[in-house]
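What follows is a set of notes on a single structure, which appears directly below.
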Amino acid sequence: MVECSIRFMLFLFLSLSAITIASSHCSITGIPLVRNISEIPQDNYGRAGLSHITVAGSLLHGLKEVEVWLQTFAPGTHTPIHRHSCEEVFVVLKGSGALYLSSVSDGKYPGKPQEHFIFPNSTFHIPVNDAHQLWNTNKHEDLQLLVIISRPPVKVFIYEDWSMPHTAAKLKFPYYWDEQCYQTPPKDEL
């Protein structure tokens with residue numbers, strides 16, 4: 001009888017712990033002052049060759065002005081051609097690749113992008129609404145980046161190619177890593 005009670009209490013404790021852990025994933029009560037990045041959940045969100053970690057986020061942690069990501073791209077991996085209404089700053093931690101950037105946000109379509117070589121310890125920024133794409137062109141090494149964005153959560157417009165009109169770009173919101181924690185704001189009753 002005592003053994004059954006102990007088993008039941010252990011089962012109850014583990015069940016409640018699992019519920020707490022599952023619900024705390026999207027907690028916006030803040031983040032600890034010091035954390036170990038290797039203990040933060042990572043995912044590829046259905047994109048082979050990508051590893052994404054939200055180090056500090058708006059939907060996960062309640063940040064209002066910035067969001068910080070750690071992203072790793074396997075050799076040959078790339079982002080889609082996209083733009084967003086926020087600024088973005090990258091710091092290349094390791095690896096090398098190419099940034100394709102089109103600054104023609106006021107035209108009908110992105111146009112031909114400029115290619116920029118990126119390398120370890122380099123940094124670059126993406127202005128608001130400039131279409132861009134990032135490639136890991138290194139055949140032997142991962143490309144790892146620290147990414148800082150303004151005005152989270154990010155609304156992303158995705159292009160099939162550089163000649164696709166801005167009006168045909170597909171809006172992705174919430175973005176993949178925000179989907180689980182995004183809650184639709186209540187409708188205004190007025």
Pairwise side-chain contact, [X] with [Y], heavy-atom cut-off 4.5 Å (strictly under):
X: Trp69; Y: His52; answer: yes
X: Lys94; Y: Asp142; answer: yes
X: Leu145; Y: Leu93; answer: no
X: Pro80; Y: Tyr159; answer: no
X: Lys170; Y: Glu160; answer: yes
X: Leu50; Y: Thr72; answer: no
X: Ile118; Y: Phe124; answer: yes
X: Val68; Y: Thr54; answer: no

Locate the shortest heavy-atom distance separating [X] from [Y]; write the atom from each residue and the value.
X: Pro120; Y: Gly95; result: CD-O, 3.0 Å
X: Asn138; Y: Ser96; result: ND2-OG, 3.3 Å
X: Val154; Y: Cys86; result: CG2-SG, 3.8 Å
X: Ala169; Y: Phe157; result: CB-CB, 4.0 Å
X: Gln42; Y: Ile53; result: CB-CG1, 3.3 Å
X: Thr77; Y: Ala48; result: CG2-O, 3.8 Å

Establish, yes or no, whether a centroid distance under 6.0 Å links the rings of His132 and His116.
->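 Distance test on ring centres: not under 6.0 Å, no.
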
For the side chain to side chain contact (heavy atoms under 4.5 Å, CB included) test, which of Leu146, Leu134, Ile149, Ile148 pairs with Phe90?
->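 Checked Leu146, Leu134, Ile149, Ile148 against Phe90; only one passes side chain to side chain contact (heavy atoms under 4.5 Å, CB included): Leu134.
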
Spacing of [X] atom [atom1] and [Y] atom [atom2] [to the nearest 0.5 Å]:
X: Lys155; Y: Phe173; atom1: NZ; atom2: CZ; value: 5.0 Å
X: Lys108; Y: Ser163; atom1: NZ; atom2: OG; value: 14.0 Å
X: Ser103; Y: Ile126; atom1: OG; atom2: CD1; value: 8.5 Å
X: Leu101; Y: His125; atom1: CG; atom2: NE2; value: 8.5 Å
X: Met164; Y: Asp161; atom1: CE; atom2: CG; value: 7.5 Å

Taking the side chain from [X] and the backbone from [Y], do they hold a donor-acceptor pair closer than 3.5 Å?
X: Gln133; Y: Thr79; answer: yes
X: Ser150; Y: Glu87; answer: yes
X: Glu115; Y: Tyr100; answer: no
X: Asn136; Y: Ala74; answer: yes

Phe73 and Phe119: same hydrophobic cluster, using ILVMFWY side-chain contacts below 4.5 Å?
->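 No; tracing contacts between hydrophobic side chains, which count when under 4.5 Å, never links both residues.
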
Cluster link Phe117 to Val89, ILVMFWY, side chain under 4.5 Å |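 No; Val89 is not reachable from Phe117 via cluster members.
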
Verify side-chain contact (heavy atoms from CB on, under 4.5 Å) between Ile158 and Ile81, making sure each step is shown before the conclusion.
-> CA-CA 6 Å; Ile158 300 173; Ile81 301 167; over 6 Å; no

Is any side-chain N of the basic residue among Glu88 and Arg151 closer than 4.0 Å to the acidic one's carboxylate O?
->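 No.
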
Take atom CD of Gln114 as the centre, draw a 6.0 Å sphere, and report whether it contains more than 12 heavy atoms from other residues, nucleotides or ligands.
->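 Open: at most 12 neighbouring heavy atoms sit under 6.0 Å from CD of Gln114.
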
Other residues, nucleotides, ligands: >12 heavy atoms within 6.0 Å of Asn121 CG =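 At most 12 heavy atoms, drawn from other residues, nucleotides or ligands, come within 6.0 Å of this atom.
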
How far apart are the C-alpha atoms of Arg83 and His166, what are their side-chain angles, what is the distance that settles it, and do they pass the side-chain contact (heavy atoms from CB on, under 4.5 Å) test?
-> CA-CA 10 Å; Arg83 69 178 171 88; His166 292 302; 3.7 Å; yes

Begin with the C-alpha distance, continue with both residues' side-chain angles, and end with the deciding distance and a verdict on side-chain contact (heavy atoms from CB on, under 4.5 Å) for Glu179 and Lys172.
-> CA-CA 10 Å; Glu179 284 178 335; Lys172 176 64 178 141; 2.3 Å; yes

